[in-house]
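Notes follow once the structure below has been shown.
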Protein chains: 2
Amino acid sequence: MSSVKKILIADDEPDILEIIQFNLQAEGYEVITAKNGDEAIDQAKRHLPDLIILDIMMPGKNGIDVCNILRMQPAFKEKLIVFLSALSDEGTEIRGLETGADDYITKPIRPKILISKVNALFRRLNKEGNNILQHGDLKIDREKYIINYQGNDIILARKEFELLALLASKPGKVFLRNEILNQVWGTEVIVGDRTIDVHIRKIRQKLDLDCITTVKGVGYKFEL
Amino acid sequence: MSSVKKILIADDEPDILEIIQFNLQAEGYEVITAKNGDEAIDQAKRHLPDLIILDIMMPGKNGIDVCNILRMQPAFKEKLIVFLSALSDEGTEIRGLETGADDYITKPIRPKILISKVNALFRRLNKEGNNILQHGDLKIDREKYIINYQGNDIILARKEFELLALLASKPGKVFLRNEILNQVWGTEVIVGDRTIDVHIRKIRQKLDLDCITTVKGVGYKFEL
DNA sequence: CATGTGGTTAACAATTTGATAATATGGGAA
DNA sequence: TTCCCATATTATCAAATTGTTAACCACATG
């Protein structure tokens, strides 16, 4: 299973904020809120949400402005952005879609439809074949062969990467030294026991983070 | 520019069919129509449209049925499918999205919004496999076999071009040497391993730009 | 036929990686 | 405490991988 998705909602009407937040949380999403455009940009940068729902009509920076600003930054080029607005104003709706939003939701909010749309967006995103493990601030992208911790890319050598990816594929599970050898080195190759330790060491060193626990006499496990 | 997109519209109400057809054609799309579900499936198979707009309420097979049937076939797994229905019936709307539709348009049709949505859908789709790849100052025109960097055309030989185009088709993704061989050279041909390196070298040389990263023991990736 | 281009390969250089040996550390049992 | 054992750490070296250059062949073109 992939990790919990973060959703940022920006709207100046507290009622709407609450309705959406409630429904999305009930669906298992992690929700962050913002009461205006500037706060939305702030929160977006801080939390790097997977989906951003922007009300178009907001005091100060409106939703379209926010979208434009965010889309300029690489971190938000590929994120999902959805607009929210009153059914009536057709003009802004069009501008919204042209700006590079991924969908459009009209008020009044119909919770079930909201949730369906959100689910559909994520489903579509996942189809794009993402191979990313995420646990907290740690992202392991098996396609890009990149580890990212708190926004910084960390480069691991092949064996190191594969070892970490294996352990992180089932957080909490203790992998026996044998399992590790089979999965990472294959059944053909025979290497000494210390070899694993050395690789574990290098991972721990490069990721300045205590995420691999030794279970003495058994093996290693990944956890935060 | 990429090729003209084909759109199939299925609705049992001739008026609506005509409105949509007129507007989309005015926007430069190629339009195919169907008056019911069976005809829609027929036309879809014949023309392989890029986008299918299905009215939910149709005599015989309804839109959801059609969607389900088409989605079963590999050729339509990745195509865009959009539902069309009266604003009122919330239940079917949800079922529609759960079925695997990409969006939802409510009647009455508002032409401008319809067009914006359609454009937005294609824009999103084009982010992936298009004929013109653009990343920063680098343009890769797969149709014309031309690379343009900061306004200057750069001439690459065919293999060089195809190799770069492949890597750039998924920025960040690491392509294994095997993948590269299969995609650029085909499965029949067998060439030595150094061949890839040499082509990579020539690309790096001609594009005075550090955009190809070596991932040792794994492959190469494109990124800025 | 001379010339140029594209594609492949061989040969060697440069670099990185991974395995091992040697040694240190730390927790638990006697 | 002292010993034992499993793991941690470090440095080192061999092997694997990639980079670079030049040479070669095929083929098209004038």
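All chains are named by letter (A, B, ...) in the order of the sequence lines, taking the proteins before the strands, and each is independently numbered beginning at 1. All of these numbers come straight from a predicted model, not from anything done at the bench.
- By the 6.0 Å contact criterion, NZ on A/Lys35 is open, its count of non-hydrogen atoms from other residues, nucleotides or ligands being 12 or less.
- Crowding of A/Glu179 atom CD: a count of heavy atoms from other residues, nucleotides or ligands under 6.0 Å exceeding 12.
- Note that the two end axes of the helix from C/dC1-D/dG30 to C/dA30-D/dT1 enclose an angle of 10°, each drawn from 5 base pairs, rounded to 10 degrees.
- Atom CZ of B/Phe161 and atom P of C/dG6 are 14 Å apart (whole Å).
- What separates CD1 of B/Ile200 from P of C/dG6 is a distance of 17 Å, to the nearest Å.
- When the C1' atom of D/dA8 is taken as reference, atom NZ of A/Lys206 falls 17 Å away, rounded to whole Å.
- Sequence neighbours left out, the pairs with a member in residues 200-224 of chain B that pass ring pair (Phe, Tyr, Trp, His ring centres under 6.0 Å) are B/His135-B/Phe222.
- Atom CG of B/Leu181 and atom CG of B/Asp193 lie 7.0 Å apart (nearest 0.5 Å).
- Rounded to the nearest 0.5 Å, atoms CG (B/Leu207) and CG (B/Asn148) are 10.0 Å apart.
- Straight-line distance from the CG atom of B/Asp197 to the P atom of C/dT15: 15 Å, rounded to whole Å.
- Considering B/Leu84, B/Asp11, B/Ile105 as possible partners of B/Ile20, the one that fulfils the side-chain contact (heavy atoms from CB on, under 4.5 Å) test is B/Leu84.
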Worksheet item: What string of B, S and - do you get for nucleotides 24-30 of chain D, 5' to 3', if B is base contact, S is sugar-phosphate-only contact and - is no contact with any protein heavy atom under 4.0 Å?
Response: -------

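- Across B/Tyr149 and B/Leu209, no two heavy atoms sit closer than the pair OH-CD1, 3.4 Å.
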Would you tabulate the nitrogen or oxygen pairs shorter than 3.5 Å linking the protein to nucleotides 19-21 of chain C?
residue, atom, partner, partner atom, Å
C/dA19, OP1, A/Trp185, NE1, 2.6
C/dA19, OP2, A/Trp185, NE1, 3.1
C/dA19, OP2, A/His199, NE2, 3.1
C/dT20, OP2, A/Gly192, N, 2.7
C/dT20, OP2, A/Thr195, OG1, 3.1

Output side-chain donor-acceptor pairs under 3.5 Å for residues 160-171 of chain A, partner residues at least two apart or in another chain, one line each.
residue, atom, partner, partner atom, Å
A/Glu160, OE1, A/Ala157, N, 3.0
A/Glu160, OE1, A/Lys206, NZ, 3.0
A/Glu162, OE2, A/Tyr145, OH, 3.2
A/Ser169, OG, A/Leu166, O, 2.5

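- Here the P atom of nucleotide D/dT17 and the CG atom of B/Asn178 are 13 Å apart, to the nearest Å.
- Spacing between atom CD1 of A/Ile155 and atom P of C/dG18 amounts to 14 Å, rounded to whole angstrom units.
- Summarising the geometry, atom CD1 belonging to B/Ile41 is positioned 10.5 Å from atom CG belonging to B/Leu8; distances are rounded to the nearest 0.5 Å.
- Nearest-nucleotide assignment on DNA chain D puts the 5′-proximal partner with A/Arg204, out of A/Arg204 and A/Arg158.
- Look at CG on B/Leu176: it is 11 Å from P on D/dT18, rounded to the nearest Å.
- Straight-line distance from the CG atom of A/Leu156 to the P atom of C/dG18: 10 Å, rounded to whole Å.
- If you check residues 214-223 of chain B against DNA chain C, the residues with a heavy atom closer than 4.0 Å are B/Lys216, listed by number.
- Within the 4.0 Å cut-off from OP1 or OP2 of D/dT18, not a single side-chain nitrogen or oxygen of B/Arg201 is found.
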